[in-house]
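Remarks on the structure that follows.
Model, not experiment: these values are computed from the prediction. Whatever order the structure lists them in is the order used to number ligands and atoms, beginning at 1. Any value given below was found using the heavy atoms of this structure, including those in side chains, with hydrogens, waters and symmetry copies removed.
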Amino acid sequence: MVLLHRTFTHALVRPPAENMGDGLTTQSLGAPDFAIVKQQYARYLSALRDCGLSLTQIEPDENFPDGQFVEDTAILYRDLAIIAQPGAASRRGEPASLIPHLPHKTKIHISGDAFLDGGDVLFCADRVLIGLSMRTNQAGAEQLRAALIHYDSKLKVEFVPFSGVLHLKTGVTELTPGVLLRSPEFTSDYVFDFAETIVLSHAESYAANVLPVNGAILIPAGYPAVSALASRYYTHICETPMSEFQKMDGGLTCLSLLY
Ligand code: CIR
């Protein structure tokens, strides 16, 4: 198996707007406390810097209360940027303001009746998985697959129909190449036989979304089983408090675009 080895030098982020509580959510955890949001966000940014990334921050925009979840707006691979067309109507305007900040040479737009959120795209082991979800439809997945394969014909790209969680990466991420963390709420017939899959307890399901960066890893704070698993593979572990973003269905991967 030839692993997709990705290292990053930059992160594009957009700090939350004060009205982020007006964004979409499936949770019943109450409204985010903006004073705590700012502290948690600052911790997140310093964790990215500690992993060696240079940050580009774009202005918050109250027209987009979900705008901090920049992961959903683009899929980045080498010097290719595929600009997403978010599945939720209220988020369709978000990608346009990020495009000028992406230095990628080739930019391709998901268009027409194709919808895709970046949170449904997982680069792991030797492949790219595209989740078919409430936000990403078959046409969106097909446009993304065609763009990736046109750019790099060696890429293995597979579709993962699923239910039970918002985005593919809400339910599954890669702890380290060959090891996946999976939420018990995530249901799919896709066979993850290329990796060891660790199904978390319900109490730790939120921590199925982790963010490995350049040999270090960000995990959400407060999940001891995931912390213990991470310590098997990493010495640099950033435990990042995420409670206020969780209220809006956001996880660690959602808050940045790495390249
Ligand atoms: C939404 O529903 O679109 C936002 N409130 C949360 C997006 C989280 N993004 C992600 O999982 N990639």
Looking at ligand 1, does any of its N/O atoms fall within less than 3.5 Å of an N/O of [X]?
X: Leu166; result: no
X: Cys254; result: no
X: Thr253; result: no

Heavy-atom proximity to atom 7 (C) of ligand 1, best of Thr26, Asp66, Asp72: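 It is Asp72 whose heavy atom sits nearest to atom 7 (C) of ligand 1.
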Nearest non-hydrogen contact with atom 3 (O) of ligand 1 belongs to which option: Lys169, Gln27, Glu94, Arg91? Arg91
Which pairs would a plain distance check flag for residues 223-235, meaning a side-chain donor or acceptor within less than 3.5 Å of a matching protein atom at least two apart in sequence or in another chain?
| from | atom 1 | to | atom 2 | distance (Å) |
| --- | --- | --- | --- | --- |
| Ser227 | OG | Glu239 | OE2 | 2.6 |
| Ser231 | OG | Ala228 | O | 2.7 |
| Tyr234 | OH | Leu175 | O | 2.4 |

Can I get a per-line list of side-chain donor-acceptor pairs under 3.5 Å for residues 6-23, giving both atom names and the distance, sequence neighbours left out?
| from | atom 1 | to | atom 2 | distance (Å) |
| --- | --- | --- | --- | --- |
| Arg6 | NH2 | Leu76 | O | 2.7 |
| Arg14 | NH1 | Ser97 | OG | 3.2 |
| Arg14 | NH2 | Ser97 | OG | 3.4 |
| Asn19 | ND2 | Glu62 | O | 2.8 |

Counting each atom of ligand 1 from 1 as listed, which ones have a heavy atom of [X] under 4.0 Å away?
X: Arg135; result: 1 (C), 2 (O), 3 (O)
X: Met248; result: 4 (C), 5 (N), 6 (C)
X: Glu71; result: 10 (C), 12 (N)

Roughly how far, to the nearest 0.5 Å, is CG of Leu129 from CZ of Phe192? 6.0 Å
Residues Gln85 and Ser111: side-chain donor-acceptor under 3.5 angstrom: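 Not at all, the side chains of Gln85 and Ser111 share no donor-acceptor pair under 3.5 Å.
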Give a yes/no verdict on a cation-pi contact between Arg127 and Phe194, requiring under 6.0 Å between NZ or CZ and the six-membered ring centre and an angle within 45° of the axis.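 Arg127 over Phe194 ring: yes.
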Mind listing the closest non-hydrogen atom pair of Thr170 and Asn209 along with its distance?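 Residues Thr170 and Asn209, closest heavy atoms: N-ND2, 4.4 Å.
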Quick one: nearest non-hydrogen protein atom to atom 11 (O) of ligand 1, plus distance?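 Of the protein heavy atoms, His167 ND1, 2.7 Å lies nearest.
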Is there a donor-acceptor pair under 3.5 Å between the side chain of Asp126 and the backbone N or O of Met1?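 No, because the side chain of Asp126 does not come within donor-acceptor range (under 3.5 Å) of the backbone of Met1.
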